Amino acid sequence: MPLGLGNKKKGKAKDTSKLVDREAAAPAATPPAAAVAPAGAGSASRLQFHAQLAHGSPTGRVEGFGSARELYAKVAEAFGIAPAEIMFCTLNTHKVDMDKLLGAQIGLEDFIFAHIKGKRKEVEVLKSDDMLGLTVTDNGAGCAFIKRIKEGSLMDQIKIICVGDHIESINGKDVSDCRHYEVAKMLKDLEKGQMFKLQLIEPRKAFEEIEPRSTGGTLTAAKISRGRETLRLRTKGPATVEEMPSEVEEKAIKKVDELLETYMGIRDIELAATMVEAGRDKKNPDEFAVALDETLGDFAFPDEFVFDVWGAIGDAKQGRLE
């Protein structure tokens with residue numbers, strides 16, 4: 001939508017407040033490189049990737065997917081489990097490493113580790129602060145989980161809550177199929193001074209792999225998979241084999257991902273990459289806002305956020321981002 005014309009949104013609330021604080025057998029030690037089936041250039045449907053369950057399993061192969069949801073279905077099929085059991089995937093590590101999350105791109109030689117649902121746990125929390133200190137993301141297939149816990153925050157004091165935990169319900173309301181921004185808004189809207197209840201599911205761990213609690217990756221360490229070519233997964237439309245984003249685009253994507261956390265309490269590299277792509281050939285913020293409304297209208301981004309994203313894209317093009 002053109003900036004300043006927010007009243008044309010179809011009943012979407014526009015809240016510029018920050019929703020949360022800113023922001024088996026052991027796995028093979030050295031998994032084999034992913035296989036690429038012979039195919040013409042850009043033929044995403046015939047690519048093959050190696051995969052394991054993160055808590056330990058034989059190695060399987062997955063192929064023939066074009067979106068995150070289809071990828072999860074293929075991984076589940078390879079290991080004889082239900083797709084809904086997969087919480088998220090990491091690339092090239094079996095650990096719950098938020099810097100190695102599978103996002104919008106998979107390097108053609110990346111190895112996929114699928115983290116499946118483990119133990120359920122329930123916790124009651126007194127919301128003594130407006131900011132909980134959680135950053136939420138999702139797997140693109142209906143599973144929102146905790147990506148970061150801010151050090152010293154309210155949630156950091158509750159040691160049962162960990163990075164990687166799937167948020168299954170809030171005060172008894174099932175949110176297992178909600179997107180990350182919906183879950184983040186529900187958490188933000190909880191009344192200060194009141195108790196609330198979270199039902200969480202932690203990733204399944206191999207017995208020998210139980211490790212100390214983590215607060216998640218540092219924001220500056222977040223990276224997009226490197227390599228000559230990647231498989232770009234899209235929420236809408238088929239997957240495509242593409243060159244890695246340029247250094248300029250990569251800096252812009254990283255900055256937009258940070259802005260998503262600031263404004264909405266979520267992290268989502270795929271969403272950030274889609275926004276940067278939408279602004280690639282736009283001449284002004286109004287054109288950019290219209291493009292966002294056409295592709296991502298359900299988010300109802302506030303004008304301030306759109307301006308900041310447009311500014312981040314411009315700063316990256318001008319070399320002003322580190």
Side-chain angles (χ1 to χ4, degrees), residues 1-6 14-23 91 97-101 103-107 131 133 135-137 147-148 150-151 180-181 184 215-230 232-235 240 242-297 299-322:
M1 76 179 171
L3 299 179
L5 300 181
K14 296 173 68 176
D15 185 353
T16 60
S17 302
K18 295 181 282 293
L19 301 182
V20 293
D21 230 356
R22 299 194 181 202
E23 245 229 32
L91 299 176
D97 186 342
M98 294 294 111
D99 292 336
K100 300 296 179 64
L101 277 179
Q105 286 126 350
I106 310 175
M131 301 301 176
T135 298
V136 182
T137 191
K147 184 169 185 180
R148 191 171 76 94
K150 185 176 181 180
E151 188 174 355
H180 46 23
Y181 63 92
T215 57
T218 59
L219 299 185
T220 54
K223 294 181 180 179
I224 300 169
S225 302
R226 300 301 303 180
R228 292 182 57 192
E229 290 185 317
T230 72
R232 171 75 186 277
L233 300 178
R234 301 175 187 275
T235 303
T240 54
E242 301 178 353
E243 292 292 325
M244 283 299 302
S246 67
E247 185 177 354
V248 168
E249 288 177 322
E250 203 167 291
K251 288 181 178 179
I253 291 168
K254 180 181 175 183
K255 181 62 178 179
V256 172
D257 193 36
E258 292 172 358
L259 288 171
L260 284 168
E261 182 176 34
T262 299
Y263 278 89
M264 302 180 68
I266 64 175
R267 302 283 286 200
D268 190 328
I269 284 289
E270 179 198 358
L271 179 58
T274 299
M275 297 180 78
V276 170
E277 187 176 272
R280 185 175 292 160
D281 59 351
K282 302 302 178 289
K283 299 179 176 62
N284 57 61
D286 275 339
E287 287 186 7
F288 177 55
V290 170
L292 286 185
D293 196 37
E294 290 173 350
T295 57
L296 300 167
F299 285 88
F301 295 122
D303 289 351
E304 300 94 316
F305 173 70
V306 175
F307 271 120
D308 281 353
V309 171
W310 176 253
I313 294 172
D315 287 345
K317 290 178 178 178
Q318 298 299 319
R320 292 192 291 263
L321 294 181
E322 295 299 325

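Treat the numbers as computed from the prediction; the structure is a model and nothing was measured. The basis for the numbers below is simple: all heavy atoms, side chains too, and nothing from hydrogens, waters or symmetry mates.
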message: When you compare the side chain of K147 with that of L101, does any pair of heavy atoms fall below 4.5 Å?
response: yes
Any side-chain heavy-atom pair of V309 and F288 under 4.5 Å: yes
- prompt: If we only count heavy atoms from C-beta on, is the I253 to E250 side-chain gap below 4.5 Å?
  reply: no
query: Do you know which two heavy atoms are closest between L292 and A278, and how far apart they sit?
result: CD2-CB, 4.1 Å
message: How long is the straight-line distance from CE of M275 back to CZ of F301, given to the nearest 0.5 Å?
response: 4.0 Å
- request: Identify the heavy atoms of E304 and Y263 that sit nearest to each other, and give their distance.
  value: O-OH, 3.6 Å
Exercise: identify the closest heavy-atom pair between W310 and P285: NE1-CD, 3.5 Å
field: D99 to D97 - nearest heavy-atom pair and separation
entry: N-OD1, 2.9 Å
- line: For G279 and I313 the tightest heavy-atom approach is CA-CD1, 4.3 Å
Heavy atoms from other residues, nucleotides or ligands near NZ of K255 exceed 12 (cutoff 6.0 Å): no
- line: Paired with E249, the side chain to side chain donor-acceptor pair (under 3.5 Å) test is passed by just one of K317, R280, K254, namely R280
field: Closest non-hydrogen atom pair between V256 and A312, with its separation
entry: CG2-CB, 4.5 Å
message: Which residues pass the side chain to side chain contact (heavy atoms under 4.5 Å, CB included) test with E287, not counting sequence neighbours?
response: K282, K283, N284
Pairwise side-chain contact, L260 with D257, heavy-atom cut-off 4.5 Å (strictly under): yes
